[in-house]
Amino acid sequence: MVLCVAALAAVLGLSPAVQAVALGVIAAQDREACPAVWSVPALLLSVLFPAQTVVVLAVLPVLFWSALVRRPDGGQEGGAFPAVMGVLGVSLVWHAPAAVSAELVAGLGAAVIGLLGRSVLGACRPGDLGLLRPVLLMVLVVAAQAEGLAVCARIALEATLLDLSLLVLTAALGRVFPVLSVLRLPFPPLPGLVVLWLGIHAALGMAAGVEGWSVLGVGVALLLGLLGLSDILVVGRVFRAWQGRVSGVSVLLVGAGSLLLPALVFGMLSPVLHFVGGEWVWPVWRMGGGDGASLRLPAFVLTGAVLWCVLVRPWQIVGGIVQTASMLLPALGNLLSVGDGLFEEAPSLGWKMRCVIVEGRRRLRVLQGMKAPVLPDLRQGAVGLWLMLLGLVLAVLGVMA
Amino acid sequence: MEHEIGLILLSVLEALFQLGLLLVLAPVMGWCLDTLPFWLAGRSVGTVRFRLLQTARFWRSLVQVPLGGRPALALTAGVLTLVCLPAVTTGSVLSSLADPLVIGLVVLLGRGFLGPGLVQGEAARLVPAVLLLCLTEALIALAAPGTDGLSGLCAMLHIEPEPGLEGALAACALALGIACPPLRSDDVTQMLSGLRDRHEREAARSIADVLNCGWLLLLGDLALPVSVGLAQGGVQGWWLGLLALGGRLALTVAVAVGLRLMAQERSARLTALFAGVALLLALAGRFGT
């Protein structure tokens, strides 16, 4: 399975034609596919004008429809499907170097915020928004390459590849070891944090190198944080659906994965990374952020593990370290249930907010009736106004940069 | 060669001293956080001695009986935070591991593992806190590219002051303090509901003190990075760093208590406002130079 996806990724990375065919085939196979009204013109346009920003953005819903715009009572996600879609999305952006990256980032951000807002207002859980993260990181790679920032492109590519391999690993072994989806979480011993950290530093590396990316880089950093938080929801759902006992093997896999996976992925994919820029690496102790900062996560984790072992003293317990560690996973599931309350019921707007809305409607009707207009009383929105003014100042600063 | 070994030993000694000092200060800070609001309101409060004795009992029992896996993870998170963050000077042996995002997420993880339950409304603290930590990391990388973690940032700000970044970080720290205040005694009680064992309950309270101390130290380090001494500052610099550490922690506790008294904690508007101010200051500092 892993090998199949890797081969697919390699072929897709090399040839846009194969990618177009694969897009068509996969879109036809999808069960809860995007409505044909949208998907057929989008796919046609993507064949005709492959490098247009708007077209790339239009094809993304075709790819991620089944994973993102799910009905609230939709069942389990379909096995390897999300991983293949992630690979396809990444290769789609890779083959469109002429697309304007700022617009792509803005489109992705608007999509994420729109989907989140829809699920908050509609009281349904959002889909697997983390699938959009490889695409966002690939946008960074393409943008950095277009600007000639090889180091930055390399860091973003590292993050993309690690994220994709986490997706593929979860999809491949998810049936047997559902616990492995924990690896995607952005909490310290786990590789998801490496993706988040590398992504933030790649985005801000762009800001240091290219003018006009300052605001955009901070925006990408916040977007990555938001996607990391949505992973908590997804993994929490996996935990709730799965009620079995934690086996020792899966605990060992999670431990080994969190210690070795980044080094393994970066080491094995060194040829690809080397092709983009930089040197061969085998990062065991530290990962560079490209801008002088480095993440010494393995050292941090090992220090923490030694401390934990001293506190727990697993050699005194029957079953030892694995037995004790397997008690941590239910506790983690408990922590992951944190987001459950957020999407259970639609937010009831405050009385004043409702008054404002009703008042606004009434005023609108009055305006439509061409009576003498009276200014609506919007004193409640003062902070919002200030925030908007602040945003305007920032936008002006960003444009002047 | 011997000189280098001496330096390494010194840095190890400093890390151990810092850990010991902060572990002693943790119950004192916890006592301040719990009782100062009542004391300011004119009510009588218990002395700090009981808190210290309770903590001493916890550490003594830790030597005899090992902890369970979950509280041990919470305590590990707290101790890692205290030993990694730059406190007195930047010269302690593990201070290069102090990345603000990593340390902040470690503390948040430790808070989640503290008890079998969660505080009500934990999501409303976790979500803005994670986003603000991402913003902090991004602003440091934006305004001071090339610095390595918090200790690198402290060292750089000594050499090359950058008011825009310092103001932005202070605003970030304030927003973090508003969005995710330290755990109160009621919060810990809520987390521990359903836990019968007395020893475990007392242990969880002491661990909560350690986690609160780590969180406040992180906020203090972010708000006043220049007050951390340099590694090569000599004996005088070390004493100055120690004094500054005391002042920084006192200031952070005072601000946290003030926010609680004025009922400004967990206000979404204020959090957004300070995050916006941080972004504005960082960008102004960047474009101004």
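Order of the sequence lines sets the chain letters (A, B, ...), proteins ahead of strands, with each chain counted from 1.
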To check you understand the geometry: which heavy-atom pair defines the closest contact between A:Pro188 and B:Leu109, and what is its length?
CD-CD2, 4.5 Å

Proximity breakdown for B:Pro71 and chain A, heavy-atom pairs closer than 4.5 Å:
neither

Close side-chain approach of A:Ser294 to B:Asp148, heavy-atom, < 4.5 Å:
yes

May I ask you to decide if B:Leu118's main-chain N or O and A:Asn334's side chain share a donor-acceptor pair within less than 3.5 Å?
no

Where on A:Leu390 is there a heavy atom nearer than 4.5 Å to chain B: the side chain, the backbone, both, or neither?
side chain

Contact origin within A:Leu222 toward chain B - heavy atom pairs under 4.5 Å
both

Kindly compute the distance separating SG (B:Cys134) from CG (A:Leu224), expressed to the nearest 0.5 Å.
7.5 Å

dist A:Ile200:CD1 -> B:Leu142:CG (nearest 0.5 Å) comes out at 12.5 Å

Heavy-atom proximity to chain A below 4.5 Å, by part of B:Leu132:
neither

Please give me the minimum heavy-atom distance between B:Gly69 and A:Val312, naming the atom from each residue.
CA-CG2, 4.3 Å

Applying a strict 4.5 Å limit to non-hydrogen atoms, the region of B:Val65 in contact with chain A is backbone

Between B:Leu283 and A:Ser214 the two heavy atoms that sit nearest each other are CD2-CB, 3.9 Å

B:Arg70: which residues meet the salt bridge (Lys or Arg N to Asp or Glu O under 4.0 Å) condition with it, sequence neighbours left out?
none

When the 4.5 angstrom heavy-atom criterion is applied to B:Leu94 and chain A, the contacting part is side chain

Take A:Trp197 and B:Leu105 through the side chain to side chain contact (heavy atoms under 4.5 Å, CB included) test and state the conclusion after the steps.
CA-CA 12 Å; A:Trp197 193 88; B:Leu105 286 176; over 6 Å; no

Which region of B:Val83, side chain (C-beta onward) or backbone (N, CA, C, O), has a non-hydrogen atom less than 4.5 Å from a non-hydrogen atom of chain A, or is it both or neither?
neither

If one checks every heavy atom of B:Val106 against chain A at 4.5 Å, the contacting part turns out to be both

B:Pro66 and A:Arg313 have their tightest heavy-atom pair at CA-NH2, 3.9 Å

Considering residues at least two apart in sequence or located in another chain, which fulfil the salt bridge (Lys or Arg N to Asp or Glu O under 4.0 Å) criterion with B:Glu265?
B:Arg184

Let me know if A:Leu332 has heavy atoms under 4.5 Å from chain B in its side chain, its backbone, both or neither.
both

Sidechain-backbone polar pair: B:Asp99 side chain, A:Leu295 backbone, donor-acceptor under 3.5 Å
no

Supply the atom-to-atom distance B:Glu122 CD to A:Leu335 CG, rounded to the nearest 0.5 angstrom.
7.5 Å

Which distance, rounded to the nearest 0.5 Å, do you find between the CG of A:Leu196 and the CG of B:Leu101?
5.5 Å

Given that the side chain runs from C-beta out, which part of A:Leu328 has a heavy atom under 4.5 Å from chain B: side chain, backbone, both or neither?
both

Distance from B:Leu139 atom CG to A:Leu204 atom CG, nearest 0.5 Å?
7.5 Å

Between the main-chain N or O of B:Ala77 and the side-chain N or O of A:Trp308, is there a donor-acceptor pair closer than 3.5 Å?
no

Nearest heavy-atom contact between B:Leu97 and A:Arg296 is CD2-CB, 3.5 Å

